[in-house]
Amino acid sequence: MRKKLFAGNWKMNLGPTESRELIAALRADLDRDAATLSRDREVMVAPPFLSIPAAAQALAGSSILLGAQNAHFEEKGAFTGEVSAPMLRYFGVSHVIVGHSERRHIFKEEDELVGKRAAAVAGHRMTPVLCVGETGRERDRGHTTEVVLRQLQFGLAPIGPQDSPRIIVAYEPVWAIGTGRTATPEQAQQVHAAIREALGDRFGKETADAVRILYGGSVTADNIDSLMAKPDIDGALVGGASLRADAFARIVRARIG
Ligand code: 13P
């Protein structure tokens with residue numbers, strides 16, 4: 001059984017104090033059911049870099065996982081403005097988002113760079129959460145699968161078989177991010193199934209069956225249950241709705257199975 005993962009991507013929101021407050025509120029809600037929830041699901045939050053130390057402290061003793069939103073592929077050096085995988089690991093980060101559409105589109109990160117970042121994360125024994133997704137234009141032109149599978153192929157190119165079961169893929173259609181327009185569960189399922197098939201071709205069926213594929217893009221407490229009802233949707237990467245403890249906790253309590 002693949003444990004579901006509900007991950008909050010806080011993007012460039014919440015400094016250290018606000019991060020502590022949100023985590024405290026989230027723990028007050030979720031910790032009391034931790035034993036039940038942890039049977040079939042995991043929870044993760046990915047604060048901005050500067051809030052990670054405070055978040056790590058606030059999460060002490062909790063089963064909520066700590067994520068980051070990016071990582072450089074080198075361990076150190078002349079890379080102004082970047083943060084490396086070992087720096088994140090030092091603070092207890094276990095998951096790192098790579099190739100988010102905002103990185104790809106606003107900061108022009110290309111497929112190959114995303115792959116190098118993913119490999120560095122995996123190489124430091126953390127889990128890369130590789131984001132893929134088509135723009136509205138690409139979908140309208142019928143290029144969804146081609147775009148998503150290309151991003152997947154490049155993103156995973158440097159990942160060896162030893163690291164492959166640990167990876168997580170997040171399908172985030174660009175047109176659904178921050179727009180209030182969610183992909184329908186059927187649209188998402190179709191892409192997730194194509195991703196799983198491609199993972200099978202690359203790493204074999206056993207690994208493909210173990211890898212979690214998250215959906216992201218305007219996920220809310222109102223649409224999460226219908227998304228989770230689909231066989232290849234293994235959780236959610238949540239932006240806006242993860243910034244409020246009550247809204248995110250309701251998503252974490254999604255109906256499963
Ligand atoms: P929203 O949930 O705000 O649409 O953001 C999704 C996202 O980009 C998560 O990484």
Side-chain angles (χ1 to χ4, degrees), residues 4-14 18-19 22 26 41-49 51-52 55 64-71 88 93-109 114 117-118 121 126-136 138-139 144 147-148 151-152 155 167-185 187-188 191-192 195 212-228 230 233-254:
K4 307 295 181 192
L5 174 64
F6 298 95
N9 174 10
W10 295 357
K11 308 192 179 183
M12 198 175 71
N13 295 290
L14 310 183
E18 296 161 313
S19 296
L22 178 53
L26 207 52
R41 63 197 79 194
E42 292 179 328
V43 182
M44 181 194 105
V45 293
F49 290 136
S51 297
I52 283 178
I64 298 174
L65 303 163
L66 182 58
Q69 300 173 19
N70 208 356
L88 297 171
V93 166
S94 56
H95 293 63
V96 182
I97 298 169
V98 293
H100 189 278
S101 81
E102 285 143 23
R103 300 300 319 175
R104 292 179 189 268
H105 294 282
I106 304 173
F107 300 101
K108 311 292 177 217
E109 290 196 10
V114 171
R117 292 187 190 274
V121 170
M126 296 181 289
T127 296
V129 180
L130 172 68
C131 300
V132 297
E134 81 288 3
T135 63
E138 287 163 341
R139 173 165 284 268
T144 298
V147 169
V148 165
Q151 292 173 342
L152 187 77
I167 58 168
I168 291 176
V169 179
Y171 169 55
E172 298 205 306
V174 180
W175 49 272
I177 295 177
T179 58
R181 263 182 81 202
T182 329
T184 63
Q187 283 173 324
V191 178
H192 283 226
I195 291 172
R212 287 175 291 179
I213 307 173
L214 315 181
Y215 168 78
S218 297
V219 170
T220 64
D222 294 330
N223 57 33
I224 187 70
D225 287 346
S226 57
L227 288 161
M228 296 309 299
K230 294 295 179 191
I233 303 183
D234 305 313
L237 186 54
V238 186
S242 73
L243 297 173
R244 284 197 10 237
D246 57 343
F248 189 54
R250 276 167 56 215
I251 291 171
V252 170
R253 292 178 199 281

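Both ligands and their constituent atoms are indexed starting at 1 by order of listing. We use all heavy atoms of the structure for the numbers below, so side chains are in, but hydrogens, waters and symmetry mates are not.
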Review point. Of all the non-hydrogen atoms in the protein, which one sits nearest to atom 9 (C) of ligand 1, and at what distance?
Key: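 Closest protein heavy atom to atom 9 (C) of ligand 1: Glu172 OE2, 2.9 Å.
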Exercise for review: Among all protein heavy atoms, pick the one closest to atom 3 (O) of ligand 1 and tell me residue, atom and distance.
Suggested key: Gly240 N, 2.8 Å
Would you call [X] a ligand 1 contact, heavy-atom distance under 4.0 Å?
X      : result
Gly178 : yes
Ala241 : no
Ala176 : yes

Return the [atom1] to [atom2] distance between [X] and [Y], rounded to the nearest 0.5 Å.
X      : Y      : atom1 : atom2 : result
Arg103 : Arg117 : CZ    : CZ    : 6.0 Å
Glu18  : Asn13  : CD    : CG    : 8.5 Å
Leu26  : Ile64  : CG    : CD1   : 4.5 Å

Check your understanding: Relative to ligand 1, is Asn9 under 4.0 angstrom through side chain, backbone, both or neither, heavy atoms considered?
Key ->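 It is the side chain that touches ligand 1; the backbone stays farther off.
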**Study point:** Nearest option to atom 10 (O) of ligand 1, as decided by whichever heavy atom of Lys11, Arg181, His100 sits closest
**Key:**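 Heavy atom nearest to atom 10 (O) of ligand 1 belongs to His100.
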**Study point:** Under 4.0 Å to a heavy atom of Gly217 - the qualifying atoms of ligand 1, by number
**Key:** 4 (O), 6 (C)
Exercise for review: Check each atom of ligand 1 against the heavy atoms of Leu237 and keep those under 4.0 Å away; list them by number with element.
Suggested key: 9 (C), 10 (O)
Check your understanding: Do the charged groups of Arg212 and Glu42 touch, with an N to O distance under 4.0 Å?
Key ->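 A salt bridge is present here (some side-chain N lies under 4.0 Å from a carboxylate O).
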**Study point:** Sub-3.5 Å N/O-N/O distance, Gly239 and ligand 1
**Key:** yes
**Study point:** Side-chain donor-acceptor contact under 3.5 Å, His100 with Glu172
**Key:**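 Side-chain D/A pair, His100 to Glu172: present.
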Exercise for review: Examine distances only and state if a side-chain atom of Arg41 and a backbone atom of Ala254 form a donor-acceptor pair shorter than 3.5 Å.
Suggested key: yes
Review point. Are any non-hydrogen side-chain atoms of Thr135 and His105 less than 4.5 angstrom apart?
Key: yes
